[in-house]
Amino acid sequence: MNSNTTFLACAALALASALPATAQTSAVSNTVSPAVAEAAKLQSGSAPGSAPVPVRGGGGGGISQERSYPRIDPAPWTGPRQRDGQPNVEGHWSNTVANHNNWTDPQGGIPGDPATRGRPLGPRDERAPSRVSDPPDGQVPFQPWAKAKQEEFLANFHNPTQPQYVEPLARCAPSGVPKSLIWHGYEIRQYPGYVVFLFNSGTRVIHLDGKPHLPASIKLWNADSRGHWEGNTLVVDVTNNNGKALFGRTGEFLSENAHITERYIFAADGKRYNYVATIDDPTVYTRPWTATIPARRYTAADKPNGWHFETTLARHAGSEPIVEREERICVENNGGFGNVASTPGR
């Protein structure tokens with residue numbers, strides 16, 4: 001465990017220890033509400049229990065893995081639990097479809113990309129579906145002004161001449177909600193009354209203790225999250241977004257008025273989950289819409305790689321494998337960012 005994760009663990013445990021025992025368990029129920037069951041019907045994917053279909057040709061560097069994935073139904077949780085009653089979903093996870101190049105055609109690359117593709121793109125029906133699972137057309141229901149803004153960003157993405165055309169993550173800003181779930185792999189840790197996501201581009205804490213949201217005047221890159229468990233589903237209410245993060249390199253966005261209801265639906269064997277989120281923002285969209293992002297668990301049995309599973313095995317006296325995820329330090333202008341405008345001295 002590195003210094004960053006050690007601090008987070010100590011902070012979360014200190015906060016949890018101050019809560020009464022009832023507060024640490026009241027957010028856990030093994031009953032699924034009708035609202036969660038109904039919302040889960042809007043997720044994309046093949047029939048529950050069906051086998052994932054891999055991408056033909058390998059998916060490009062191991063980032064794209066599946067062009068089809070199973071739906072997961074909300075249900076009572078039958079697996080192991082944490083000491084406060086939470087379903088035990090700790091571990092390393094990553095999305096199974098693609099990175100953040102394209103929100104609505106995840107394996108289609110960045111439109112207008114001048115770089116040469118390593119393999120032919122192929123027909124649209126041989127690639128993973130849009131992350132927009134409702135509306136059925138797979139498109140974000142932007143208001144006209146917002147659609148124009150998204151298209152303007154995309155048109156200038158490959159040759160940004162103004163700061164607003166530089167994707168915030170390229171400046172090492174936090175990925176935000178929901179982009180963090182498709183930007184590299186991540187770790188989930190659980191503490192009494194909390195679920196903590198250790199992302200490649202920041203940290204997100206989901207509070208399960210029933211406290212109210214932050215004041216509306218406080219806006220955050222990763223927003224403010226209040227959650228509870230319904231069976232196998234972690235339901236999270238997300239507000240206080242600063243509206244600065246984008247969903248991907250194609251420029252989709254939300255505003256600081258957005259309200260997101262997330263549902264992390266975990267499979268019974270604990271090996272997968274589907275993220276099903278309803279995003280409501282009357283400032284930007286013509287209607288609420290639903291996003292689906294499938295994810296799978298990585299363990300010590302998996303080979304580390306530079307995207308989904310950036311880990312090493314700890315050296316220690318025991319024989320059990322301990323997977324460590326190192327802190328990735330990224331600050332603005334790190335690693336060459338900002339150097340493109342510089343001219344060598346003559």
Side-chain angles (χ1 to χ4, degrees), residues 1-16 59 61-66 79-80 82 86-100 169-170 172-192 194-208 221-223 225 227 234 236 245 262 264 266-267 269-275 293-332 334-335:
M1 184 183 294
N2 57 51
S3 58
N4 181 51
T5 53
T6 300
F7 170 78
L8 288 169
C10 293
L13 287 172
L15 287 168
I63 296 175
S64 305
Q65 293 188 311
E66 299 172 352
Q82 297 284 351
Q86 291 188 60
N88 187 346
V89 297
E90 281 195 324
H92 299 269
W93 300 83
S94 187
N95 95 90
T96 68
V97 170
N99 69 357
H100 64 149
L169 187 57
C172 293
S175 295
V177 182
K179 183 178 176 176
S180 295
L181 298 170
I182 61 174
W183 172 249
H184 287 261
Y186 49 91
E187 185 177 359
I188 296 177
R189 294 193 178 188
Q190 294 171 275
Y191 305 96
Y194 297 87
V195 178
V196 179
F197 283 77
L198 302 178
F199 290 119
N200 182 287
S201 60
T203 300
R204 185 177 169 200
V205 178
I206 297 174
H207 301 254
L208 307 178
W221 282 92
N222 281 326
S225 301
L234 175 62
V236 184
E262 300 177 315
Y264 299 78
F266 289 84
D269 61 6
K271 295 181 179 180
R272 300 180 69 97
Y273 81 80
N274 284 351
Y275 172 87
I293 299 173
R296 59 153 288 199
R297 184 194 291 271
Y298 284 78
T299 70
D302 292 295
K303 182 179 179 180
N305 62 53
W307 187 270
H308 294 290
F309 195 40
E310 300 170 289
T311 61
T312 58
L313 289 178
R315 296 182 179 180
H316 63 107
S319 59
E320 65 171 308
I322 298 177
V323 177
E324 287 190 330
R325 178 180 298 275
E326 297 296 327
E327 177 183 8
R328 179 174 179 175
I329 300 173
C330 186
V331 295
E332 189 165 358
N334 187 32

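Heavy atoms only: backbone and side chains are in, while hydrogens, waters and symmetry mates are out.
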Legend entry - Step-by-step side-chain contact (heavy atoms from CB on, under 4.5 Å) determination, H92 to R297: CA-CA 6 Å; H92 299 269; R297 184 194 291 271; 5.9 Å; no
Legend entry - Close side-chain approach of L234 and V195, heavy atoms under 4.5 Å: yes
Inset, instruction - Examine the side chains of T312 and E324 and answer whether a donor and an acceptor come within less than 3.5 Å of each other. - result: no
Legend entry - Residue pair E187 / R189: nearest heavy atoms and the distance that separates them: OE2-NE, 2.9 Å
Inset, instruction - Check step by step if side-chain contact (heavy atoms from CB on, under 4.5 Å) holds for I293 and N274. - result: CA-CA 6 Å; I293 299 173; N274 284 351; over 6 Å; no
Legend entry - Atom pair CD1/CG of I182 and N99 - distance to nearest 0.5 Å: 7.0 Å
Legend entry - Residue pair I206 / F197, side-chain heavy-atom distance below 4.5 Å: yes
Legend entry - Check: E310/N200 side-chain N/O donor and acceptor closer than 3.5 Å: yes
Legend entry - Atom of T311, atom of P304 and distance for their closest heavy-atom approach: O-CB, 3.5 Å
Inset, instruction - Could you check if a side-chain atom of P294 sits within less than 4.5 angstrom of a side-chain atom of V97, using non-hydrogen atoms only? - result: yes
Inset, instruction - Please test V196 against T203 for side-chain contact (heavy atoms from CB on, under 4.5 Å), starting from the C-alpha separation and ending with a verdict. - result: CA-CA 7 Å; V196 179; T203 300; 3.9 Å; yes
Legend entry - Side chain proximity check, S94 to Y298, heavy atoms < 4.5 angstrom: yes
Inset, instruction - Nearest 0.5 Å please: distance from the NZ atom of K179 over to the CG atom of N222. - result: 12.0 Å
Legend entry - Heavy-atom pair of closest approach, residues D302 and F309: O-CE2, 3.5 Å
Legend entry - Rounded distance (nearest 0.5 Å) linking atom NE2 of H100 with atom OG of S180: 11.5 Å
Inset, instruction - Evaluate the side-chain proximity of L181 to N95: yes if any heavy-atom separation is below 4.5 Å, no if none is. - result: no
Inset, instruction - Check whether any side-chain N or O of E90 sits under 3.5 Å from a backbone N or O of Q190 as a donor-acceptor pair, and report yes or no. - result: yes
Legend entry - Heavy-atom side-chain contact between R296 and H308 under 4.5 Å: no
Legend entry - From L169 atom CG to W221 atom CH2, the distance as rounded to the nearest 0.5 Å: 9.5 Å
Legend entry - F266 and W93 aromatic ring geometry - parallel, tilted or perpendicular at 30°/60° bounds: perpendicular
Inset, instruction - Take the angle between the ring planes of W183 and W307 and call it parallel below 30°, perpendicular above 60°, tilted in between. - result: perpendicular
Inset, instruction - Walk me through it: do T96 and Q65 pass the test side-chain hydrogen bond (donor to acceptor under 3.5 Å, both in side chains)? - result: CA-CA 6 Å; T96 68; Q65 293 188 311; 5.9 Å; no
Legend entry - Polar side-chain atom of Q86 near backbone of Y191 as donor-acceptor pair, under 3.5 Å: yes
Legend entry - Between CG on residue N305 and NE2 on residue H184, distance to nearest 0.5 Å: 10.0 Å
Legend entry - Minimal non-hydrogen separation, L313 against A300, with atom names: CD2-CB, 4.3 Å
Legend entry - Ion pair check, E262 and R204, cut-off under 4.0 Å: yes
